[in-house]
J.: 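Sharing a structure with you now.
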Amino acid sequence: MYRILSSLLAIVILSIVSWQAFREGNYLGGALAAAGIIGLTGLIFYFINTTNRKLTYFFSALENDDYTIRFVENEGMQSERLLNHILNRIKSIIQNTRIEIQQKERYYELILNSISSGVIALDDNGFVLQLNRFALKLIDLEVFTHVSQLRKVSPVLVEAFKEIRPGENRRVTYTNERGSIQLLITASGITVNGKHTRLLVINDIENEMDEKEIDSWIRLIRVLAHEIMNSIAPITSLSDTLLEIHKTNPASHTPETIRQNTINGLQVISETGKGLVSFVESYRKFTRIPQPEKEIIELNEFIQRMIILCSMEPNFSAITIQTQLTPENIRVYADPNLLGQVMLNLMKNAIQALQNRENPILRVVAEQLPTGNIRLQVIDNGPGIPSDMINEIFVPFFTTKNEGTGIGLSIARQIMRAHGGNLKVSSIPDKETVFTLVL
């Protein structure tokens, strides 16, 4: 800038000199002054073009996120060094601001992905501006960029996403290969940079209720187990000690009838205490599902083994057992012991439900889904499950059997969740009941 101002001042002076020389008839001096004016004018244009090219290069580099540029600050005239210093300073400020923004974006993205709810931001045209991983899991898509892609999942979802307005809540129910899905969608609105955005928060109603329900029961069971075990253990120990004393060292002055009654009473106390310990231990299993030790399982052999293990059930011989595998050599990656525990529970329940039924049929169906998941179904044509009970059968301790503990199906569902899958049920009274495992 200093160089340009100096050149402009020199042009003004030379213009005066040239005018004066031509006026006095000094044509040579006037011509030399005019040549100097032309030279200085060209020099000014050179300086301006150089500065413009430098600024163009600078802003082009920033636009392309290229922060490696740096202008030399210790060469050239003072004005050029000053300009280079200012450009380097602006570059550093923008670079640091950019890094800070990127760090905040990663921080917010980390928070967003740690939320156990689906979060999706949509513009007015249905394009996805932002979403978290849990949202992809809930809508069962690997990539989600526009609302129209939801048509592959369910047309009901497309309609819900398009029509829901800020401030509304909408419950959406649809069915796919994973079974019946219930989602709660809550919408809010926000304007960013003059553009309206809808923010949708999605929750799986069924799984959320199940998990809260199970967590509450687990806490209750742990408290009960601790308190009951602490009370029963000393009673059992004391009963055994007194029983042993009376058996081996009967007091000579105690009548035989009193001694015998004491022994009988202590035996009852001991047996009751041990029964309660066993009772509590069976419920404690509900809170101690081990981590699955997975391996490749040939489902055909696995199902045949389950059938053999069920063959000791009282009415097994009267039931027609049918199996269907698609494909026949289907395999699954799971813990054979835990999965066997689930299948045995479901199959034995089905066999018990088929007692006194005409033409009782138990079907075990395995299928590989297009998503790569494996679906196992245990189907019986028994009396079915009443509609008022079907939502209760997975609740811990709920049972309709005289000798049941009510934790079998709860444990089965926990085992499936430990595998990353789920266990669901559907039933048509007096027609069929279907338990579906998805892995």
Side-chain angles (χ1 to χ4, degrees), residues 154 156 171-184 204-211 213-214 217 286 303 306-307 309-311 313-326 339 341-367 369 374-417 421-439:
S154 172
V156 177
R171 188 187 299 263
V172 179
T173 302
Y174 62 95
T175 303
N176 60 14
E177 62 272 8
R178 295 187 299 167
S180 179
I181 309 296
Q182 295 185 59
L183 299 180
L184 178 64
D204 186 334
I205 301 174
E206 181 179 355
N207 285 341
E208 182 179 0
M209 291 176 63
D210 289 342
E211 289 172 6
E213 179 181 65
I214 290 174
W217 279 112
F286 180 71
I303 292 173
M306 296 299 104
I307 293 173
L309 291 173
C310 290
S311 61
E313 291 297 305
N315 62 325
F316 178 83
S317 58
I319 298 173
T320 300
I321 307 293
Q322 298 176 351
T323 61
Q324 179 183 339
L325 286 82
T326 308
L339 185 60
Q341 183 178 342
V342 174
M343 287 295 293
L344 277 177
N345 185 287
L346 298 179
M347 292 174 67
K348 287 183 177 180
N349 285 348
I351 291 171
Q352 292 173 13
L354 290 171
Q355 287 184 359
N356 303 320
R357 296 289 291 184
E358 293 184 6
N359 189 28
I361 299 174
L362 171 60
R363 296 174 56 216
V364 181
V365 179
E367 179 185 7
L369 303 175
I374 305 299
R375 179 168 61 195
L376 267 169
Q377 291 182 308
V378 177
I379 308 169
D380 69 76
N381 62 344
I385 304 172
S387 57
D388 59 339
M389 291 186 181
I390 198 163
N391 293 325
E392 307 291 335
I393 62 173
F394 292 111
V395 175
F397 317 139
F398 177 84
T399 181
T400 58
K401 302 175 185 178
N402 294 330
E403 298 179 354
T405 61
I407 63 171
L409 289 176
S410 300
I411 291 176
R413 178 172 273 188
Q414 278 213 80
I415 289 173
M416 294 306 300
R417 285 190 173 145
N422 205 345
L423 170 61
K424 296 186 177 182
V425 62
S426 61
S427 183
I428 302 175
D430 290 320
K431 186 174 181 180
E432 73 170 14
T433 298
V434 182
F435 281 89
T436 302
L437 296 75
V438 178
L439 290 165

J.: Can D380 and N349 be said to form a side chain to side chain contact (heavy atoms under 4.5 Å, CB included), step by step?
T.: CA-CA 10 Å; D380 69 76; N349 285 348; over 6 Å; no
J.: Just do the side chain to side chain contact (heavy atoms under 4.5 Å, CB included) check on I411 and Q341 with the steps written out, would you?
T.: CA-CA 9 Å; I411 291 176; Q341 183 178 342; 3.6 Å; yes
J.: Taking C-beta and beyond as the side chain, do L439 and L339 meet within less than 4.5 Å on heavy atoms?
T.: yes
J.: Give me the atom names and distance for the closest heavy-atom approach of G382 to L354.
T.: N-CD2, 3.5 Å
J.: Mind checking whether L437 and Q377 have side chains closer than 4.5 Å, heavy atoms only?
T.: no
J.: If the condition is salt bridge (charged side-chain N to carboxylate O under 4.0 Å, His left out), which residues does E367 pass it with, not counting sequence neighbours?
T.: R375
J.: Donor-acceptor pairs under 3.5 Å, side chain of residues 357-365 to any protein atom, not counting sequence neighbours: which ones?
T.:
{"from": "R357", "atom 1": "NH2", "to": "N381", "atom 2": "O", "distance (Å)": "3.4"}

J.: Do L423 and L346 come close enough that some side-chain heavy atom pair is under 4.5 Å?
T.: yes
J.: Does the side chain of F435 reach to within under 4.5 Å of the side chain of L409, using non-hydrogen atoms?
T.: yes
J.: Within the 4.5 Å heavy-atom criterion, are T323 and I307 side-chain neighbours or not?
T.: yes
J.: Quick check: closest heavy atoms across Q355 and N315, and the distance to 0.1 Å?
T.: CG-ND2, 3.2 Å
J.: If the condition is side chain to side chain contact (heavy atoms under 4.5 Å, CB included), which residues does S427 pass it with, not counting sequence neighbours?
T.: I385, I390, T433
J.: Which atoms form the tightest heavy-atom contact between M306 and M347, and what is the distance?
T.: CB-SD, 3.7 Å
